[in-house]
Amino acid sequence: MGTIIKNGTVVTASDTYKADVRIDGEVVSAIGANLPVGTGDTVVEAEGRYVFPGGIDTHTHLELPFMGTVSADDFVTGSRAAIQGGTTTFMDFVIPAKGRPLAEAVAAWHKKADGRAVADYAFHLCINDFNDAIAAEIPEVVKAGIPSFKCFMAYKGALQIDDGQMINVLKTVGQAGGLVSVHAENGDMIVALTQKYLAEGKTAPEYHWRSHPSEAEAEAVHRGLRLAKFTGQPLYIVHLSGKDGLAEVKQAMAEGIKVIAETCPQYLLLPADLYCQEGFEGAKYVMSPPLRPIDHLEKMWEGIAKGYIKTVGTDHCPFNFKGQKDMGKDSFAKIPNGIPAIGDRFNLLYTYGVAAGRITLNQFVEVTSTNAAKIFGMYPKKGSVAVGGDADLVIFDPKGEDMISAKTTYHNVDYSAFEGFRLEGRCEHILLRGRFAVRDGKYIAQQGNGKFIPRTRSGMIE
Ligand code: URP
Ligand code: ZN
Ligand code: ZN
């Protein structure tokens, strides 16, 4: 007894074609025209619908202790929002406490996620220090199924490491078969500007943006890529936010430097004007890097369309407006950094990318799923609609309509960064390894259905 999705239009990163898709157990077992229906098979009619591979969010922070509080979505609520929004796999960042073993942090993240998540998940590990003990542990972390690491070039005094440490991380991770990613902002430039504005009594959310200029991102992207070249390693730039950093990525690619860039929906759709609203409203958008002026946004879309940006994650790191963001009422430097987005990414990219004519259907699949699976070692199990692959599928009705609102969101947070955004299309059915998580638009997943996806490799897309 299996499930057959009949008459849908299958969309992968390379092809768009009409076919039936058969699922047996957790995997796709056949794709073809007029597949026979056996006794006891479940049939899902998908005429006029797209059959997409489930989305993969490369960048989330669930239940993260950060800036004196904890991000508002845990692995239950965050994964529920993810899967309802078409993301069947997400990748969360393990952040170790300084001076403590990496294995301890990995175990803590498993404790938060295992048996609780409703979508599949993988981990990246953040390196916020470098010494012999960490060097010895990195190959162990890779063996534990986590071959991707993040370094911070910002958050001075907390997570930031220096260039010497980064060189060592790049070499050590490279030798262990992993991939290094960076939060590329110049932490020292940010500290200097933050101190200047606070000394001038400029404490409003707007000054978060003003203290994180696009040049600080461009400088760090440039330096990070030169360090990567120096060590002969590739570099993945997380949450690239603006046109100046993008210009550095393009330049590096032209020189043959191995670089992969990720952006997020907020850097494609939300302008920096949002920081300059009356009162404290701008705190809702305080994140690092910050939003950029409107002229950057179209350049970022162009970066996707032209293949300079390979993935779109969310950097989902939600904090309630009341009770968390307001910790920074008297100083923008104390507003917890991050926004909710995990449930919004897939449909926002479809609406404002595909339906708006900025990217093709196949590029949509590439940046929301396939490239992530390839870069982070989950392909072809994840990231495609292919025989033998996991049956992580989104059956998407392009005629559907919706609107984003905090009132209807599944994020566990009291506001939406994309409030009022109109959506085209609707995830009608969503399957995770052959099991319905959403059926006829209704959420039916069960806690614990998601599982950890151990990986053996990460790196450039061949
Ligand atoms: O503002 C952000 N991005 N918060 C999460 C931490 C990070 O830098 O990714
Ligand atoms: Zn970051
Ligand atoms: Zn992040």
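Bear in mind that the values here come from a model prediction, so they are computed numbers and not experimental data. Counting convention: from 1, in listed order, for ligands and their atoms alike.
With sequence neighbours left out, D414 forms a side chain to side chain contact (heavy atoms under 4.5 Å, CB included) with N320, F321, K322.
Under the 4.0 Å criterion applied to side-chain N and carboxylate O atoms, K382 and D120 are assigned as salt-bridge partners. Between K243 and E298, no side-chain nitrogen of the basic residue sits less than 4.0 Å from a carboxylate oxygen of the acidic one, so the salt-bridge criterion is not met. Between D390 and K381, at least one side-chain N (NZ, or NE/NH1/NH2) sits under 4.0 Å from a carboxylate O, which counts as a salt bridge. Salt bridge present: E255 and R226 bring a charged side-chain N and a carboxylate O closer than 4.0 Å. At a threshold of 4.0 Å, the pair K250-E248 does not count as salt-bridged, since none of the basic side-chain nitrogens sits closer than that to a carboxylate oxygen. With respect to the salt-bridge test (charged N to carboxylate O, under 4.0 angstrom), the residues K112 and D74 do not qualify.
Here the protein heavy atom with the shortest distance to atom 3 (N) of ligand 1 is D315 OD2, 2.6 Å. The protein non-hydrogen atom at the shortest distance from atom 1 (O) of ligand 1 is S288 N, 2.8 Å. Atom 4 (N) of ligand 1 has N337 O, 3.1 Å as its closest protein atom, hydrogens excluded (heavy atom only).
In the vicinity of H59, heavy-atom distances shorter than 4.0 Å reach the ligand 1 atoms 9 (O). The atoms of ligand 1 that sit less than 4.0 Å from any heavy atom of C317 are 5 (C). Atoms of ligand 1 lying under 4.0 Å from any heavy atom of H61, numbered from 1 in the order shown and given with element: 5 (C), 6 (C), 7 (C), 9 (O). Near H239, with a cut-off below 4.0 Å to any heavy atom, the atoms of ligand 1 are 8 (O), 9 (O). Against a heavy-atom cut-off of under 4.0 Å, M287 is close to the following atoms of ligand 1: 1 (O).
Using a 4.0 Å cutoff on heavy atoms, F93 does not count as a contact of ligand 1.
A side-chain donor from one of D114 and Y121 sits under 3.5 Å from a side-chain acceptor of the other. At a cut-off of 3.5 Å, with distance as the only test, a side-chain donor of S241 or R292 sits close to an acceptor on the other residue.
Between the side chain of Q447 and the backbone N or O of V76 there is no donor-acceptor pair closer than 3.5 Å.
At a heavy-atom cutoff of 4.0 Å, ligand 1 is contacted by the side chain of H183 but not by its backbone. By the criterion of a heavy-atom distance under 4.0 Å, the side chain of K150, and not its backbone, is placed next to ligand 1.
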Exercise for the section: List the steps and the verdict of salt bridge (charged side-chain N to carboxylate O under 4.0 Å, His left out) for R433 and D392. Expected result: CA-CA 5 Å; R433 283 179 281 103; D392 296 348; 5.2 Å; no
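The heavy atom nearest to atom 7 (C) of ligand 1, considering only Y155, Y285, F319, is found in Y155.
The neighbour count for Y443 OH, taken as heavy atoms of other residues, nucleotides or ligands under 6.0 Å away, is above 12.
Around the Zn ion (ligand 3), the protein atoms of type N, O or S found under 2.8 Å away are H59 NE2, H61 NE2, D315 OD1, listed by chain and number.
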